Amino acid sequence: MAPGTQPRLLLPDAPALVAGAARSVLVTPDGEVLVLPNAEMVVALADHPAPMLVHARVTAKRLNIPPIRGAFDLLELLAFALPASPAAPTPRGLALALDLAMPATDEAAAALIPDIAATILRKLAGARQADRNADAASLAARLRDVARWPWAEAVMAALGREAARADPAGLRVWRRLPEWEDAAPAAAPSSHPVTSAEARGALATILGPGAEQRPSQSDYASAAAGAFAPREAVGAPAMVLAEAGTGTGKTLGYIAPANLWAERNGAPVWIATYTRNLQRQIEQETTRLFPDPVERRRKIVVRKGRENYLCLLNLEDATKRNDNREALPLALVARWAGATRDGDIQGGDFPGWMAELFDPAQVRGLADRRGECIHSACTHWKRCFVEHSIRRAAGARLVIANHALVMVQAALGGGDDGDAGTPLRYVFDEGHHLFDAADGAFSSALAGWEMIELRRWLLGAEGTGRARGLQRRIEEFCADRPALAEALSAALQATPRALPPSGWQTRLALGDLPHPAEAFLAALRAQVLARATDSEAGYDAECDLHPVQAALTAAGAALAEALAALRVPLASLHAAMLVLLEDEGAELEVGDRIRISAAAAGIERRALLPLGAWTSMLATLAEPAPEPGSRPNYVDWLTLRRAEGRDIDAGLHRHWLDPTIPFATHVATRAHGVLVTSATLRDTAEEDADLAWLAAEARTGAAHLPTPAIRAAVPSPFDYAAQTRVLVVTDVGLEAGPVAAAMRDLFLASGGGALGLFTAIRRLRAAHALLAGPLAEAGIPLYAQHVDAMDNGTLVDVFRAEETSCLLGTDALRDGVDVPGRSLRLLVFDRVPWPRPTILHRERRLHLSGGRPARYDDAIARARLRQGFGRLVRAADDRGVFVLLDRRAPSRVLAGLPVPAERIGLKAACEIVRGFVGGGVAD
Ligand code: SF4
């Protein structure tokens, strides 16, 4: 192509299709518009060429057909042409991301699809000289040849290289990635405090001179500064519990003193929140602190577990397989890897919908999910995203992590991050989730799946995959070191005798279970079936461990023996590696030293720790049953997981009765300062203010510290009485039909912008089936967790982008969803979200409730309702209606909401919704 010539825009001569929940729209290149029920559209499509569409899998699911062959999916085009560009995966989401006018209807959305395609291609053409596009045309040519990629010709034309020859070089993206450089170990941080006045001043500087004054935010920053005081005694961190009503601006309120402390003392502050989505939101807020993106990237680092990052070695292995079915997903991942900020393939700038377009395992399997990293032996080690992230975090001001990672790192003495993984100062945002996060982090399960995973980590794929076993990871160090070689060989011989291969469920059905682990699972299953109250129903079931059946005790003893036979050589191997590091550390190459130390840490974390926990759990089987009503340290119970009547897994579980004890031991007492913050730390329905704080201290671990926590609370600046209504609908039955009909009427009254929350997946599915048609008729898009082929993050992105859409979900969507503005104006709970009556909950309500078990349940339900309510109003001009379709709801569980509930009939509720949040559709 001659210099200065503009590339040709080559758009497919194809119709555009938008499939709704019940009806679809097809717009032909001649402008003919077909609007048909989904079943009729399937027939009509046979008379047209493969269409352009957005999200082939969701479209196919809605039409109830396999994905349309040869369809031009705009998401594939976007992922190739503008990699690492966030966009919700719908026509409206793409329009928003590309600055095009938002289509109001599905007809307008279908008509816009060619414009969206043209815009993406034009942007690609504009960036055709960029380095990252050097191999793009030859990669597109390859996709044309091996994957028949429909967009290939259009992409090559936009790049001005229609005659490019097919070449896979573009897949080898690692050649273009930067290398990290090691820095000297950080010096020990100093302990200069941050005063209240300094925290207020730092906040004012971040906000700038023209910012809106929020006295409560300044008060909050002042209180948060208490967590940055010098520690006065070992094991006694400066701990602050700070409740900040929604709208306080707490993120910047704690970032101000945290950043000042980090700058002043030369060490990062780790900010932990509950979910990956919330990590992203906190990162976005730091734009105010460091507006320059280069400086921000240096000083703010988002850290996640290694299983979140793309492993370049896995990507290379996958490209070498030359499997044509993988050609497109691998090409799109390679394009993204060349453009990503940090290589986070589970979140960050990796579009969640990329994994949905293909087999999710194809994409997610490219992360280091099984701890198979070979560290410095890897040819990509110097470019590895995980290693980049660890090194950047060590030199950052603020590290944004999640609760689970922080707890695991602290328990492992820093984990992947070494000393930098045990920081001195923490901020735990969404602190009301600390109890649950600690519950997950400090629990153990001796289940079929866990044992199979450990076997796979030790032995590798055993002919059914490409997983690297322990031998391949460390054999070169064992070659001339007999102590290591013998221990490794003994461990590998003991593994198949101690840990089962997959497929135990099938062998159980055949009655053929000679393996001690399988015999144990069979005996465990038998006890669950005998004792669980609803074991005949074909669903998950559980029962208490004690009293233990004799067959289970015997099987447990045999398994304990087999596990001990594995643990002994693994412990010897681990010890021999530590000796090697000690004795030969000075002579070893740096890379070898790192590999041996990483392998030793892996053996400890992946094998010795679980084997130790399992052995201790099995020892309990032979102990006498505890006295009824006695308070245990741990709760042990048995489960059988089933789906559609089939066994999925069985296991023995152990959780701390009070998981804030290990949290305090491993995390809080080792730190110098801890701030725990949330909009809902206390139960506001508790009339005794001191009791409310004591309960908050119990659920955050503060109660286990030697010195008392500082308590602080600032109220929400929102005028909830003017901005919200709380309605309990009293004339709707609890069955799926009436609930769905009521949701339909309410959603129509609000004109969309509604989130429906269910306490059971079964009821959600039933409601979706009944809601889809009427909402589609009214032009309101409906999305649903467990129904649509999208993950939660993608669903929320779509819901946020489409002001008239509605979303159905369960508790995962209740927590941590931030949807400001009119996109969320109505929130409907199907029932009071009581805690599930599990064995673990039974023990906790008995022993952790201070003798008031019913109030323990109430407090949990109240907190959940309050969390849900908090989603409605995110800004001073937001308005929202909160509806509970459960006429049995006792007033005491509604007492935590900031406005009184009105108990009314459905018709009146719809009128209030229509009048209060507007935009209603006539029914
Ligand atoms: S160093 Fe480890 S995680 Fe990184 S690319 Fe290599 S094997 Fe993968």
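Order of appearance sets the numbers: ligands from 1, and atoms from 1 within every ligand. Please read all numbers here as calculations on a predicted model, not as lab measurements.
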Check your understanding: Can you tell me if Cys378 has an N, O or S atom under 2.8 Å away from atom 6 (Fe) of ligand 1?
Key -> yes
Exercise for review: Do me a favour and list the nearest non-hydrogen protein atom to atom 8 (Fe) of ligand 1 with residue, atom name and distance?
Suggested key: Cys311 SG, 2.3 Å
**Study point:** Stepwise salt bridge (Lys or Arg N to Asp or Glu O under 4.0 Å) test for Arg161 and Asp167
**Key:** CA-CA 13 Å; Arg161 297 192 49 209; Asp167 190 330; over 6 Å; no
**Study point:** Nearest-neighbour protein heavy atom for atom 5 (S) of ligand 1, which is reported as residue plus atom name and distance
**Key:** Leu312 N, 3.3 Å
Check your understanding: Nearest 0.5 Å, what's the CZ-CG distance between Arg303 and Leu405?
Key -> 6.0 Å
Exercise for review: State which residue, out of Ile390, Leu312, Asp342, fulfils the side chain to side chain contact (heavy atoms under 4.5 Å, CB included) condition with Phe385.
Suggested key: Leu312
Exercise for review: Could you tell me whether any N, O or S atom belonging to Cys373 is less than 2.8 Å from atom 2 (Fe) of ligand 1?
Suggested key: yes
Review point. Do you see a donor-acceptor pair shorter than 3.5 Å between the side chains of Glu76 and Trp149?
Key: yes
Study note, to complete from the structure: re atom 4 (Fe) of ligand 1, the protein heavy-atom contact at minimum distance is Cys384 SG, 2.3 Å
**Study point:** Any side-chain donor near an acceptor of the partner, Trp336 and Asp349, under 3.5 Å
**Key:** yes
**Study point:** Numbered atoms and elements of ligand 1 in range of Leu313, under 4.0 angstrom, heavy atoms
**Key:** 5 (S), 7 (S)
